[in-house]
Trainee: 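Starting off with a structure, shown below.
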Amino acid sequence: MNIKLKDGSIREFAPPTTVKDIFFEISPNLGRAAVAGLLNGEVVDLRTAIEDDAELLALTTEDEGGMKAYRHTASHIMAQAVKRLFPKAKLAIGPAIDNGFYYDFDVEKPFTPDDLEKIEKEMKNIVSANYEISRFELPKDEAIKFMQDKGEIYKVELINDLPEGSVISFYEQDDFVDLCAGPHLLKTGSKKFQFKLLSIAGAYWRGSEDNKMLQRIYATCFEKKEELDKYITRLEEAKKRDHRKLGKELEIFALLEQGAGFPFFLPNGMIIKNALIDYWREVHTKAGYVEISTPIILNRELWETSGHWSYYKENMYTTVIDEEDYAVKPMNCPGGMLAYKIKPHSYKELPIKMGELGLVHRHEMSGALHGLMRVRSFTQDDAHIFMLPEQIKDEIKNVIHLIDEVYKTFGFQYHLELSTRPEKSIGSLEDWETSTQALKEALDEEGLDYVINEGDGAFYGPKIDFHLEDCIGRTWQCGTIQLDFQLPERFELEYIGSDGQKHRPIMIHRVAFGSIERFIGILIEHFAGSFPVWLSPVQAKVLTITDRCNEYASEVVESLKAAGIRAEIDDRSEKIGFKIREARNQRVPYIAVIGDMEVENKNLNVRIRGQKDSVSMTIDELARKITLVSETREIF
RNA sequence: GCCAAUGUAGCUCAGUCGGCAGAGCAGCAGUUUCGUAAACUGCAGGUCAGGGGUUCGAUCCCCCUCAUUGGCUCCA
């Protein structure tokens with residue numbers, strides 16, 4: 001395990017043997033440093049133990065394991081506070097999570113925001129009291145009885161599920177005892193906890209909607225006040241960038257109650273959407289794709305062939321017309337399969353890359369809808385690639401390159417995940433093996449890092465997912481490359497090989513944006529509304545200082561428009577400061593101001609977004625600059 | 001779908017312990033002609049999400065519906 005030392009350097013660390021044994025016994029799941037553990041039968045602060053070791057200087061809580069112990073101890077403190085205030089509350093689980101922790105409770109009445117304040121206050125009392133935290137173990141039957149006596153039915157269920165003979169540990173602070181694998185800090189006030197209760201939410205017991213819904217309290221927790229503040233500032237920053245807020249302000253899209261989950265795209269939004277589509281076509285044409293368009297509505301027979309009618313029906317919009325069942329497409333694939341089948345294909349044609357910007361509709365659960373990120377109708381930038389088995393690796397590489405090129409255009413960082421065969425799957429083990437191997441080799445040969453998610457693939461084939469990282473560190477799964485063993489079978493796709501025999505092609509689905517609507521949502525947040533020039537709904541705005549300049553200003557706008565630039569005039573009789581404020585709020589990248597001086601000199605005073613000082617230039621200079629920045633899709 | 005909260009003017013939000021509904025911004029009409037992030041005056045704008053109930057009277061209390069928001073993956 002690696003330890004971060006006081007001087008910031010990282011070094012390998014073998015825990016002292018006496019600590020090591022217990023250390024891993026206490027926190028088998030962490031596998032990394034904890035802040036507290038057992039040493040010679042006693043709970044100790046491991047950091048002290050480590051500091052005592054001549055070779056080791058410090059184990060910082062920047063180490064994830066350490067932070068986990070903090071957060072988990074904080075969750076116990078919260079549980080204790082809740083038990084004090086609501087003695088009837090039953091405890092479920094309370095793990096540490098990214099940036100904080102939560103605890104699930106079964107309470108008669110759901111918590112209110114007022115309760116949160118009270119709980120937080122009580123937690124602070126517990127921290128101030130600085131209770132010792134001690135650990136004890138019980139055999140399974142006694143552990144069950146212990147929790148039964150306390151009426152903690154959820155804990156009893158948890159213990160029941162633990163394997164026979166396993167060590168069942170409890171942590172106790174003051175009069176509060178909780179079943180827990182640890183690790184924890186030594187005292188409830190070992191360090192002043194920097195926490196803040198964030199929200200109340202319903203959550204099913206063990207995540208299953210068949211179970212009772214419990215009340216979950218989410219909280220954030222850090223070691224240092226500055227870290228907590230930083231995290232809260234980040235949440236606020238994310239809120240400012242929220243695409244739902246900016247989408248409304250910048251008139252990009254609208255969500256109306258007449259169509260929950262069906263976004264309306266407004267003129268500004270359509271400029272962005274069309275610019276993305278133009279770009280998409282440019283990139284795909286260059287990469288040898290052809291484009292098709294398949295119908296939105298198709299009959300039941302097709303969806304039975306594809307399997308959607310039996311497996312996906314509850315998410316599809318269906319209707320009966322002339323006594324025949326129809327469904328609105330939730331995916332483009334079945335139509336794409338039919339398009340391939342329209343004529344016989346020779347091996348010489350493969351690979352065939354058929355792209356489709358397909359509008360799909362899915363009946364998502366009402367509670368899952370979220371702005372443009374989770375909608376019920378969206379455009380997938382889909383493509384199906386039909387190929388020979390020996391073409392898999394190269395084609396995967398081509399797709400990886402293409403998606404990489406697309407993401408770089410927006411300045412996105414991303415990471416890759418490879419998902420392998422799940423337990424329930426179709427296709428022969430041999431097919432899975434060769435195709436998973438092809439995906440791996442493609443990634444390895446490109447020298448790419450990736451995470452492997454064993455058993456996380458689709459039932460019909462392995463896949464590579466692209467997870468975008470936006471500028472405030474959140475990740476979004478967008479691109480995906482999926483092999484599919486199912487549809488070519490179901491649709492009996494064929495090609496004629498060099499042997500004159502019929503063979504089944506290998507097929508992949510892939511998307512780069514994923515959903516154009518969602519991608520726009522991500523772009524809004526990534527750029528905080530300040531889109532690159534090529535996507536900006538208004539690229540240049542011409543502002544007049546007095547009415548005397550209106551005529552010249554109109555000429556300027558006309559010549560910018562003639563150069564293919566999206567330009568607008570603001571010749572209202574308002575003060576220049578006011579007009580500039582509005583143009584800036586609209587995130588217009590080039591603001592040209594025209595007063596008597598500019599009319600006389602036949603030039604412009606231009607403010608470029610993100611630059612402090614304005615510059616003088618001619619109309620031609622501005623037009624050339626915008627055209628260049630737009631064509632190169634520069635980001636600024 | 002489930003739990004909870006929310007829904008008042010185009011936007012952001014006050015308000016009514018049940019008695020004719022408010023502000024700022026935006027809009028419109030004037031005035032102002034101004035040099036880099038908010039000029040001034042006036043006008044207009046609402047079946048208080050929709051439906052039902054209780055009441056002399058409901059935007060407010062109760063019920064239903066719709067929509068929105070935070071969650072429903074993190075396993076003692």
Side-chain angles (χ1 to χ4, degrees), chain A residues 28-29 68 71-72 75-76 79 91-104 106-107 109-113 115 143 147 152 154-162 166-171 177-182 198-218 239 242 244-245 248-249 251 254-261 314-315 363-371 456 543-550 571-586 591-598 605-607 612-614:
Chain A
N29 306 324
K68 210 162 176 172
R71 290 175 178 150
H72 197 51
S75 91
H76 276 221
L91 305 176
I93 58 166
I97 54 173
D98 291 346
N99 302 312
F101 60 93
Y102 69 77
Y103 212 114
D104 286 347
D106 184 0
V107 280
K109 263 196 260 167
F111 295 117
T112 66
D115 294 336
M147 277 303 171
E152 297 290 358
Y154 299 98
K155 298 292 180 187
V156 172
E157 193 179 325
L158 289 169
I159 299 170
N160 261 319
D161 286 355
L162 292 174
S166 55
V167 174
I168 297 172
S169 58
F170 292 86
Y171 281 79
V177 185
D178 198 359
L179 169 74
C180 184
L198 295 177
S199 60
I200 312 157
Y204 296 107
W205 167 236
R206 299 197 144 177
S208 164
E209 52 188 301
D210 300 329
N211 290 336
K212 182 162 184 185
M213 180 151 281
L214 308 174
Q215 289 293 308
R216 175 173 296 181
I217 300 178
Y218 278 97
K239 216 172 182 176
D242 192 317
R244 293 167 300 186
K245 178 177 175 288
K248 189 187 263 185
E249 276 174 22
E251 296 179 18
L255 285 158
L256 307 180
E257 65 177 80
Q258 287 84 347
E314 66 214 42
N315 280 317
H363 185 75
E364 298 291 348
M365 288 195 297
S366 58
L369 302 178
H370 179 93
D456 222 24
L543 318 182
T544 55
I545 291 177
T546 76
D547 291 348
R548 290 188 298 278
C549 320
N550 289 359
D571 57 4
R572 293 173 302 169
S573 63
E574 295 287 350
K575 288 195 170 179
I576 193 65
F578 178 81
K579 296 188 192 181
I580 285 184
R581 184 186 141 82
E582 284 205 342
R584 287 183 58 120
N585 284 341
Q586 282 176 55
I591 300 171
V593 174
I594 295 178
D596 292 337
M597 254 160 59
E598 284 71 27
N605 183 272
V606 181
R607 284 176 68 127
K612 221 172 149 192
D613 300 316
S614 60

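Computed from a predicted model, the values in this text were never measured in an experiment. What's counted below: heavy atoms across the whole structure, side chains too, no hydrogens, waters or symmetry copies. Chain letters run A, B, ... following the sequence lines, proteins first and then strands; every chain starts at 1.
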Trainee: A:A203 has a side chain; which of B:C74, B:C72, B:U36 sits nearest to it?
Mentor: B:C72
Trainee: Polar atom pairs between nucleotides 64-70 of chain B and protein, under 3.5 Å, N or O only, would you list them?
Mentor:
| from | atom 1 | to | atom 2 | distance (Å) |
| --- | --- | --- | --- | --- |
| B:U69 | OP1 | A:R244 | NH1 | 3.0 |
| B:U69 | O3' | A:R244 | NH1 | 3.4 |
| B:G70 | OP1 | A:R244 | NH1 | 3.4 |
| B:G70 | OP1 | A:R244 | NH2 | 2.9 |
| B:G70 | OP2 | A:R244 | NH1 | 3.4 |
| B:G70 | OP2 | A:H370 | ND1 | 3.4 |

Trainee: Take the protein atom CZ of A:R216 and the nucleotide atom P of B:C3, then report the distance between them rounded to whole Å.
Mentor: 16 Å
Trainee: Could you please name the option among B:C2, B:U33, B:G1 that lies closest to any side-chain atom of A:M213?
Mentor: B:C2
Trainee: With sequence neighbours left out, write down each residue that passes side-chain contact (heavy atoms from CB on, under 4.5 Å) with A:S573, or none if nothing qualifies.
Mentor: A:D547
Trainee: B:U33, B:A37, B:G35: which one has an atom nearest the side-chain heavy atoms of A:N605?
Mentor: B:G35
Trainee: Would you kindly give the CD1-to-P distance between A:I576 and B:C34, to the nearest whole Å?
Mentor: 12 Å
Trainee: Side chain to side chain contact (heavy atoms under 4.5 Å, CB included) between A:L91 and A:Y103: does it pass, once the steps are laid out?
Mentor: CA-CA 8 Å; A:L91 305 176; A:Y103 212 114; 3.9 Å; yes
Trainee: All N/O contacts under 3.5 Å from nucleotides 23-32 of chain B to the protein, with atom names and distances to one decimal?
Mentor:
| from | atom 1 | to | atom 2 | distance (Å) |
| --- | --- | --- | --- | --- |
| B:U32 | O4 | A:S573 | OG | 2.6 |

Trainee: Given B:A37, B:C3, B:C72, which nucleotide is nearest the side-chain atoms of A:Y204?
Mentor: B:C72
Trainee: In terms of side-chain heavy atoms of A:I545, which of B:U33, B:G35, B:C75 is nearest?
Mentor: B:G35
Trainee: Report each atom pair, protein N/O against N/O of nucleotides 60-62 of chain B, whose distance is under 3.5 angstrom.
Mentor:
none

Trainee: Report yes if a donor N or O on one partner sits less than 3.5 Å from an acceptor N or O on the other, where the partners are the side chain of A:E364 and the base of B:G1; otherwise report no.
Mentor: no
Trainee: Base, sugar-phosphate alone, or nothing: which one does A:K248 contact when heavy atoms must sit under 4.0 Å apart?
Mentor: sugar-phosphate
Trainee: How is the base pairing of RNA chain B summarised as a dot-bracket string, given the Watson-Crick and G-U wobble criteria with both distances under 3.5 Å, [ ] for crossing and | for another strand?
Mentor: (((((((..((((.....[..)))).(((((.......))))).....(((((..]....))))))))))))....
Trainee: Please enumerate all residues that pass side-chain contact (heavy atoms from CB on, under 4.5 Å) together with A:F170, with sequence neighbours excluded.
Mentor: A:F136, A:L138, A:A143, A:F146, A:M147, A:I159, A:I168, A:V177, A:L179
